[in-house]
*Asks:* 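My questions will all concern the structure given below.
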Amino acid sequence: MHLDARDLDNNTIIEGDLCIVGAGAAGISMALDWNKSGKKVILLEGGGFEYDSEIQDLYSGNSTGQKYYPLRSCRLHLFGGTTGHWGGMCAPFDPIDFKIRSWVPDSGWPITLDDLVPFYTKAQNLFELDAYNYEFQYWQEKHPELTPFPLDKNIIWSKMWQFSPPTRFGKTYKETIVKSPNIHLYTYANLTNIIANEEVHDIKQLIVKNHEGRTHKVRAKNYVLACGAIQNARMLLASRGQTKKGIGNDRDLVGRYFMEHLEVKSAQLWLKKSFSTDLYTFDYSTRKPRAELALNESIQEEAGILNGSASLTPLVIAKQQTPLIDLWSNKDPRKSYDRLVANFRKSREKKDTWKDENGNRAFELYTRMEQAPNPNSRIVLSAEKDALGVPRPQLHWELTELDKYSIRKMYHILGEQMGKANVGRIKLEEFLWDENDNSMPDQLGGGWHHMGTTRMSADRNKGVVDANCKVHGISNLFIAGSGCFSTAGAPNPTLTLVALSLRLSDYLKTS
């Protein structure tokens, strides 16, 4: 069932068994899991089914520290959420990502990879992917042309990726949600306040508003915030009716440990002779599985570095590519993926561009690495308010010495192994030359992968939610999505955040 909150009488009271705030990947995944359950599920979406610039502006905010994209541009505020411009890259986290690592401050989750595997399998189906199998051998049997570099497997391995079409949740699952007998979708219902009881042990109701001046109250047995890492933290901090610090923030942890993936052009690979690199060169115009070069767990521990990986792009193509979208502006971000696909197809059609005088032996190496957990990297509230009266978010993105060291060290190891195997040589980009320089270049970006801010920990002194994504000290408030990540891992977060949300859904059904 679908209702437009702009058409409801002012001060309508909406009641149900479960209230999910946010209809993006996390929220829609959970709602679908409750379809035909016999329980009344309230699914709140601040926008509508189509892009609306006025609604999108509610996501505007400022940033300080390491240069970052405008907050208005790196999220989508409509039904389907940021799956509307998602690229479709999927891979699970690695076992090491969940472990306490002595060389990575504040690392360690209260769950393991094994705890997520059953839910990764369910998430695969939602993303229209093949079997939940990310072993290289499995895919090589299906695609014999995928040939790895002859490197020491005890040091370097090929981390596999699968590619969703990509699945646009707003289009793919709209009909199922709207026709569901027990899911009640309310569009244009923007959360503006979370109201708890006097002791702040239970949530009593939510206040939602829209630009048409309607205000409504939402009451349920359990509440799930599934608005994304930035917006979830913003709403907890902004809900200060019963506590000056905000809901769930008695330990001053809400908003802290914001993490992104460190994505940057880092080096060039020059092969000694031509080698089939189909395994490592991504092509977004197809759904063929591909791999990135990564370091084994024991090598990460020995080197004292973060988890990361490197992808290859033929240098002649990397030099030809022009910006796909002005990511550093507030322009409409919806077409970024379409432009990405068009760029790749154009490059593929020009067969001669795949070779230069070196016989296609030169490649750009691009890094995707986890950011070290850092409490000073955080979301806070701005003095400015949006059109609905909610303080805007302000991001302070702060990196550490370990971040820069890890990128440099990963390529030192990779270069050493390329040389030992007589495969080729690696040339570092200039920003990595000075080992005493821990600054990052302005061209360092992120994947629009917002993680942390409501991190998971068994100890309420170290995290906002527990192993079941319940806010510490509050009986009926839960957080869904990548904001719960304790560490960022190397892969894109989408597959993992949906798996974690499905695990939360399973917990709520049995609790």
Side-chain angles (χ1 to χ4, degrees), residues 65-66 91-116 151-157 159 253 256-264 266-267 292-310 365 367-378 397-417 426 428 431-440 444 446-447 449 451-453 455-459 461-463 467 482 484-491 493 496:
Q66 179 70 33
F93 275 25
D94 304 321
I96 191 174
D97 296 322
F98 298 88
K99 297 179 180 179
I100 295 175
R101 291 168 277 173
S102 60
W103 64 98
V104 180
D106 295 316
S107 58
W109 296 49
I111 63 174
T112 67
L113 177 60
D114 289 341
D115 293 319
L116 278 184
L151 304 173
D152 187 339
K153 295 180 180 178
N154 294 316
I155 298 176
I156 308 291
W157 65 294
K159 181 169 181 61
L253 291 172
R256 291 188 183 273
Y257 295 97
F258 172 88
M259 296 176 292
E260 245 282 17
H261 282 124
L262 309 178
E263 299 195 0
V264 63
S266 302
E292 292 185 339
L293 296 166
L295 301 185
N296 282 328
E297 181 175 320
S298 60
I299 303 304
Q300 293 180 43
E301 180 175 8
E302 180 182 321
I305 62 174
L306 299 161
N307 196 4
S309 56
L365 290 173
T367 302
R368 182 184 299 100
M369 180 166 283
E370 65 172 323
Q371 177 185 344
N374 177 9
N376 295 325
S377 184
R378 64 186 302 194
W397 190 26
E398 183 175 307
L399 306 180
T400 67
E401 292 183 12
L402 181 58
D403 297 305
K404 179 77 169 280
Y405 169 77
S406 295
I407 295 175
R408 183 187 295 113
K409 187 65 175 180
M410 182 178 76
Y411 283 102
H412 283 176
I413 295 171
L414 185 57
E416 181 181 60
Q417 294 304 308
I426 284 180
L428 296 179
F431 80 95
L432 293 173
W433 291 357
D434 185 354
E435 296 192 2
N436 295 314
D437 179 9
N438 293 311
S439 65
M440 289 290 195
L444 174 79
H449 302 159
M451 299 165 283
T453 73
R455 72 193 317 256
M456 179 186 291
S457 176
D459 183 350
N461 294 308
K462 296 181 179 179
S482 56
C484 299
F485 290 8
S486 304
T487 50
T496 299

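Numbers here are sequence positions counted from 1.
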*Asks:* Taking the six-membered ring for Trp, are Phe485 and Trp109 parallel (under 30°), tilted (30 to 60°) or perpendicular (over 60°)?
*Replies:*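 Tilted, since the angle between the ring planes falls between 30° and 60°.
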*Asks:* Checking Ser439 side chain against Asp437 main chain: does a donor-acceptor pair fall under 3.5 Å?
*Replies:* no
*Asks:* Quick check: does any side chain N or O of Lys404 sit under 3.5 Å from a backbone N or O of Phe431, one acting as donor and the other as acceptor?
*Replies:* yes
*Asks:* Under 3.5 Å, is there a donor-acceptor pair between the side chain of Trp103 and the main chain of Glu301?
*Replies:*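 It does not hold such a pair.
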*Asks:* Taking Glu370 for its side chain and Asn307 for its backbone only, find out whether a donor-acceptor pair lies under 3.5 Å.
*Replies:*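 Checked: pair present.
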*Asks:* Go through it in stages, so that I can follow the logic: the residues are Leu116 and Phe93, the test is side-chain contact (heavy atoms from CB on, under 4.5 Å), and I'd like the CA-CA distance, side-chain angles, deciding distance and then a yes or no.
*Replies:* CA-CA 10 Å; Leu116 278 184; Phe93 275 25; over 6 Å; no
*Asks:* How close do Leu428 and Tyr411 get, counting heavy atoms only, and between which atoms?
*Replies:* CD2-CB, 3.5 Å
*Asks:* Do the side chain of His261 and the main chain of Gly489 share a donor and acceptor less than 3.5 angstrom apart?
*Replies:* yes
*Asks:* Spell out, as yes or no, whether a donor-acceptor pair under 3.5 Å connects the side chain of Glu260 to the backbone of Gln371.
*Replies:*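 No; zero donor-acceptor contacts below 3.5 Å.
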*Asks:* Is Arg256 reaching over with its side chain to a backbone N or O of Arg455, donor-acceptor style, under 3.5 angstrom?
*Replies:*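 Between the backbone of Arg455 and the side chain of Arg256 there is no qualifying donor-acceptor contact (under 3.5 Å).
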*Asks:* Only one of Asn374, Asp106, Thr487 passes side-chain hydrogen bond (donor to acceptor under 3.5 Å, both in side chains) with Tyr257; say which it is.
*Replies:* Asp106
*Asks:* Please answer whether the main-chain N or O of Lys153 pairs with a side-chain N or O of Asn296 as donor and acceptor at a distance below 3.5 Å.
*Replies:* yes
*Asks:* When rounded to the nearest 0.5 angstrom, what distance separates CG in Leu295 from OG in Ser406?
*Replies:*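 It comes to 10.0 Å.
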